[in-house]
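Counting starts at 1 for both ligands and their atoms, following the listed order.
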Amino acid sequence: MRIEISAKRLHSDFVKKVEEISGETLPSCYQCGKCSAGCPMSFAMDLLPNQIIRLVQLGLEEDIANSKTIWFCASCLTCSVRCPRGVDLSRIMEALRLITMRKNIDYVKISAIPGEIIAELPQIALVSSFRKLTA
Ligand code: SF4
Ligand code: SF4
């Protein structure tokens with residue numbers, strides 16, 4: 001992954017918004033990785049929780065948007081309990097989900113899902129997915 005860092009990104013509205021919504025201080029994270037080591041959902045994530053907070057610190061919103069990690073986070077608070085710096089990463093994950101959903105973008109095209117798939121999938125999973133991934 002090629003990362004472009006700039007002062008503009010470090011102080012972007014995106015970074016400020018994540019701090020505002022989560023109530024967390026992003027620079028507190030010093031990338032020890034304890035959150036990721038204990039995360040029960042890390043096996044399914046394409047980016048680890050400590051990588052997500054690093055991307056937020058750097059203002060790399062697009063890289064976070066291209067990752068599925070925030071949707072795999074189960075809000076179990078394990079990372080928050082383990083963090084030696086007192087960072088509540090679950091609140092940051094929730095802030096990222098809120099910011100994404102407020103963009104009102106359809107990430108799933110319901111009409112493109114074949115009827116036989118819809119008939120087979122658990123309805124609660126479909127409703128939950130549509131709540132998160134459609135405007
Ligand atoms: S445990 Fe805390 S300080 Fe360590 S990487 Fe995770 S958020 Fe950062
Ligand atoms: S709250 Fe999310 S990121 Fe933190 S340990 Fe649980 S599943 Fe992983």
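- Close contacts between ligand 2 and Thr78 involve ligand atoms 5 (S) [criterion: under 4.0 Å to a heavy atom].
- When distances to atom 2 (Fe) of ligand 2 are checked against a cut-off of 2.8 Å, Cys73 contributes an N, O or S atom below that limit.
- Contact record, Val15 with Val56: CG2-O, 3.4 Å, taken as the closest heavy-atom pair.
- Two residues are said to be in side-chain contact when any heavy atoms from C-beta on lie closer than 4.5 Å; Ile52 and Ser67 meet this criterion.
- With ligand atoms numbered from 1 in the order given, ligand 1 contributes 3 (S) to contacts under 4.0 Å with heavy atoms of Tyr30.
- Neither the backbone nor the side chain of Ser42 comes within 4.0 Å of ligand 2, counting heavy atoms alone.
- Of all protein heavy atoms, the one lying nearest to atom 8 (Fe) of ligand 1 is Cys29 SG, 2.4 Å.
- Only the side chain of Pro84 comes within contact range of ligand 1, with a heavy atom under 4.0 Å; no backbone atom does.
- Each of Leu48 and Met41 belongs to its own hydrophobic cluster when Ile, Leu, Val, Met, Phe, Trp and Tyr are linked at side-chain heavy-atom distances under 4.5 angstrom.
- Taking every non-hydrogen atom of Ser90 and a distance limit under 4.0 Å, the qualifying atoms of ligand 2 come out as 1 (S).
- Here Arg97 pairs with Glu94 in a salt bridge; the nearest charged N to carboxylate O distance falls below 4.0 Å.
- At least one heavy atom of Gln31 sits closer than 4.0 Å to an atom of ligand 1.
- Side-chain contact check for Arg54 and Gln51: no donor-acceptor pair (N or O, by modelled atom type) lies under 3.5 Å.
- Under a 4.0 Å criterion applied to the non-hydrogen atoms of Ala74, ligand 2 contributes the atoms 2 (Fe), 7 (S).
- Proximity to Arg85 (heavy-atom distance under 4.0 Å) selects the following atoms of ligand 1: 3 (S).
- For the side-chain contact (heavy atoms from CB on, under 4.5 Å) with Lys34, the qualifying choice from Cys83, Pro84, Cys39 is Pro84, the only one to do so.
- Contact check for Asn50 versus Tyr30: no side-chain heavy atoms found under the 4.5 Å cut-off.
- For ligand 2, the atoms lying closer than 4.0 Å to a non-hydrogen atom of Ser75 are 1 (S), 2 (Fe).
- Of the charged side-chain nitrogens involved, none lies within less than 4.0 Å of a carboxylate oxygen, so that Glu24 and Arg85 do not count as a salt-bridged pair.
- Looking from atom 2 (Fe) of ligand 1 to the surrounding protein, the closest heavy atom is Cys83 SG, 2.3 Å.
- In this structure, the protein non-hydrogen atom closest to atom 6 (Fe) of ligand 1 is Cys35 SG, 2.3 Å.
- Phe72 is not connected to Phe130 by any chain of hydrophobic side-chain contacts under 4.5 Å among Ile, Leu, Val, Met, Phe, Trp and Tyr, and they are in different clusters.
- Of all atoms in ligand 1, numbered sequentially from 1 with element shown, those under 4.0 Å from a heavy atom of Asn50 are 5 (S).
- Counting protein heavy atoms only, atom 4 (Fe) of ligand 1 is closest to Cys32 SG, 2.3 Å.
- Of the charged side-chain nitrogens involved, at least one lies within less than 4.0 Å of a carboxylate oxygen, so that Lys103 and Glu61 count as a salt-bridged pair.
- Heavy atoms of Leu77 found under 4.0 angstrom from ligand 2 belong exclusively to the backbone.
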